[in-house]
Amino acid sequence: NMAETYKNARLVITNSEQTIYTNSSGGAGIIVSLIVTNIDGAVDDTVTVKVRDNSASADTEIASTMTVPADSRLDVCGDNTKVFLENGDSVKITGGNASGDLIALASILEIT
């Protein structure tokens with residue numbers, strides 16, 4: 001039988017690349033949603049999101065310097081898009097501003 005575990009991961013985004021989630025489950029990790037919210041009431045920001053394919057040592061941008069307006073949000077995995085992560089794969093996020101105006105929340109399903 002396969003086990004399903006639901007997780008959330010939170011990240012305060014800055015202009016330094018950070019990892020929000022790494023699949024270390026031994027099975028599959030599915031990013032069900034990835035929301036980036038701009039909590040600054042006045043300043044727009046940008047966000048870049050990369051998926052790291054660990055076995056290929058390669059990064060793929062799924063969002064590239066996309067604008068997140070002040071007091072708005074970006075659904076990186078919108079339109080029922082799912083991102084599948086093999087064991088060891090990860091999701092990395094970089095903002096345009098150093099201030100931490102952006103907060104990310106990933107909802108993940110791990111299947112082992």
Using a 4.5 Å cut-off between side-chain heavy atoms of Ile, Leu, Val, Met, Phe, Trp and Tyr, which other residues end up in the same hydrophobic cluster as V12?
I39, I103
Are L74 and V47 packed together at the side-chain level, in the sense that at least one heavy-atom pair is separated by less than 4.5 angstrom?
yes
With sequence neighbours left out, the residues meeting side chain to side chain contact (heavy atoms under 4.5 Å, CB included) with A56 are D53, A58
Side-chain heavy atoms under 4.5 angstrom apart, residues restricted to Ile, Leu, Val, Met, Phe, Trp, Tyr: same cluster for Y6 and L34?
no
Shortest non-hydrogen contact from A70 to D44?
N-OD1, 2.9 Å
Scan for side chain to side chain donor-acceptor pair (under 3.5 Å) pairs involving residues 63-73, sequence neighbours excluded, and state none if there are none.
E61-S64, R73-D75
Could you tell me whether the side chain of I108 reaches within less than 4.5 Å of the side chain of I30, counting heavy atoms only?
no
Quick note, salt bridge (charged side-chain N to carboxylate O under 4.0 Å, His left out) partners involving residues 24-36, not counting sequence neighbours, are none
The side-chain contact (heavy atoms from CB on, under 4.5 Å) partner of L102 among T94, T46, D45 is D45
I'd like to know if the side chain of T19 and the backbone of Y21 have a donor-acceptor N/O pair within less than 3.5 Å.
no
Got I13 and V36 here, is their nearest side-chain heavy-atom distance under 4.5 Å?
yes
Quick one: which residue pairs count as a salt bridge (charged side-chain N to carboxylate O under 4.0 Å, His left out) with a foot in residues 101-112, not counting sequence neighbours?
K7-E110
Between V91 and V49, is any pair of side-chain heavy atoms under 4.5 Å apart?
yes
Going from OG on S107 to CD1 on I31, what distance comes out if it is rounded to the nearest 0.5 angstrom?
9.0 Å
Going hydrophobic residue to hydrophobic residue with side-chain gaps under 4.5 angstrom, can you get from M66 over to L105?
no
Pairs where residues 15-36 contributes a residue and the test salt bridge (charged side-chain N to carboxylate O under 4.0 Å, His left out) is met, not counting sequence neighbours
E17-K50, E17-K92
Under the 3.5 angstrom rule, does the side chain of N15 hit a backbone N or O of N97 as a donor-acceptor pair?
no
Taking only residues two or more places apart in sequence or in another chain, which ones pass side chain to side chain contact (heavy atoms under 4.5 Å, CB included) with S24?
none
Which residue pairs satisfy the salt bridge (charged side-chain N to carboxylate O under 4.0 Å, His left out) criterion with at least one member in residues 22-41, sequence neighbours excluded?
none
Is I93 close to L11 at the side-chain level, that is, under 4.5 Å between some pair of heavy atoms?
yes
For residues 76-90, which side-chain N or O atoms pair as donor and acceptor with protein atoms under 3.5 Å away, sequence neighbours left out?
from, atom 1, to, atom 2, distance (Å)
T81, OG1, G78, O, 2.8
N87, OD1, S25, N, 3.4
N87, OD1, G26, N, 2.7
D89, OD1, N54, N, 2.8
D89, OD2, E86, N, 3.0

